[in-house]
Amino acid sequence: TDAWARVKSGRSGIDKRPVDGAVLLTASGVDGDTICDVANHGGPDQAVYAYSTDDLAWWSAELGRPVVTVGQNLTLSGVDCSGAVIGERWRVGGAVLVVRGPRIPCRVFAGFLDVPDLVKRFLAARRPGCYLAVESAGEVRAGDPVTVLSRPAHGVTVLDLMDAMTGERTVLPHVRRAEPDLGVRGREWLARVG
């Protein structure tokens, strides 16, 4: 586990850097982080964004250069953030986090990494990482293990939800099984798509 905080420069919250020591995670987000586009990012269902070291390594190979951040607040080793079950609860350091959904990238993300077709490639790669709600506030530090406290039986994963949100409506009946665990944004999205 590595904790990242926002570097306060520019107009994007994507550029984050590792921090020394503890970082406080609360229901409103990561202490010291900046969210520029509050309409689409942040809030209780997107308080923390987790991404795996394996996926960062994959992107480094894919882009032919080191990729150390895709805007994540937590960089996790040995955790499949994209394959996590919606509603899964994790203990990381002193915090308890709940998996809420995928990150759907935008053009600001593509611009940050200077890859014009990155949104399309990010979705096709099926490595979105996961947004987390903070159930119990607490501090996290580099090296803190991730312990799965509970996993809902419905089995709907972050990738299943990403597929549904990006147009694969055949998975909607499966995704609906996770409705109680989606959080407010997820339930609002589900209500809009019918």
[X]-[Y] co-clustered via ILVMFWY side chain contacts under 4.5 Å:
X: L24; Y: V92; answer: no
X: V85; Y: L161; answer: no
X: L97; Y: L182; answer: yes
X: I86; Y: V98; answer: no

Given side chains that start at C-beta, do those of [X] and [Y] come closer than 4.5 Å, heavy atoms only?
X: Q46; Y: R185; value: yes
X: P128; Y: I104; value: no
X: V134; Y: L25; value: yes
X: L172; Y: L190; value: yes
X: P105; Y: L118; value: no

Worksheet item: Restricting to pairs with a member in residues 20-30, which pass salt bridge (charged side-chain N to carboxylate O under 4.0 Å, His left out), not counting sequence neighbours?
Response: none
Worksheet item: Can you pull the salt bridge (charged side-chain N to carboxylate O under 4.0 Å, His left out) pairs that have at least one residue in residues 117-127, sequence neighbours excluded?
Response: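 Applying salt bridge (charged side-chain N to carboxylate O under 4.0 Å, His left out) to every pair that reaches into residues 117-127, excluding sequence neighbours, yields D55-R127, E62-R121, D117-R121, R126-D163.
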Please check if the side chain of [X] supplies one atom and the backbone of [Y] the other of a donor-acceptor pair under 3.5 Å.
X: S60; Y: V67; result: yes
X: R100; Y: G87; result: no
X: S82; Y: G129; result: yes

Item to complete: Return the set of residues passing side-chain contact (heavy atoms from CB on, under 4.5 Å) with A57 (not counting sequence neighbours), or none when no residue passes.
Response: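 By the side-chain contact (heavy atoms from CB on, under 4.5 Å) rule, A57 matches no residue at all.
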Discussion item. If the condition is side-chain contact (heavy atoms from CB on, under 4.5 Å), which residues does T53 pass it with, not counting sequence neighbours?
Written reply: T75, S77
Worksheet, complete the sentence: Residue pairs passing the ring-ring contact (aromatic ring centres under 6.0 Å, His included) test with at least one member in residues 141-191, sequence neighbours excluded, are none
Worksheet item: Quick one: CD on E168 to CG on L159, what's the gap to the nearest 0.5 Å?
Response: 12.5 Å
Worksheet entry | Pairwise distance OG(S150) to CD(E88) - rounded to 0.5 angstrom |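 It is 8.0 Å, given to the nearest 0.5 Å.
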Looking at [X] and [Y], what are the two nearest heavy atoms and their distance?
X: T157; Y: G83; value: CG2-O, 3.6 Å
X: A27; Y: A47; value: O-CB, 3.7 Å
X: S52; Y: C81; value: N-SG, 3.9 Å
X: V140; Y: A95; value: CG1-CB, 4.4 Å
X: D144; Y: R141; value: OD2-N, 2.7 Å
X: V175; Y: A164; value: CG2-CB, 4.0 Å

Worksheet item: Do you know which of L132, T147, V96, L149 makes side-chain contact (heavy atoms from CB on, under 4.5 Å) with W90?
Response: L132
Practice prompt. Using the test side chain to side chain donor-acceptor pair (under 3.5 Å), find all partners of Y49 that sit at least two apart in sequence or belong to another chain.
Written response: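 Listed in chain order: nothing, the list is empty.
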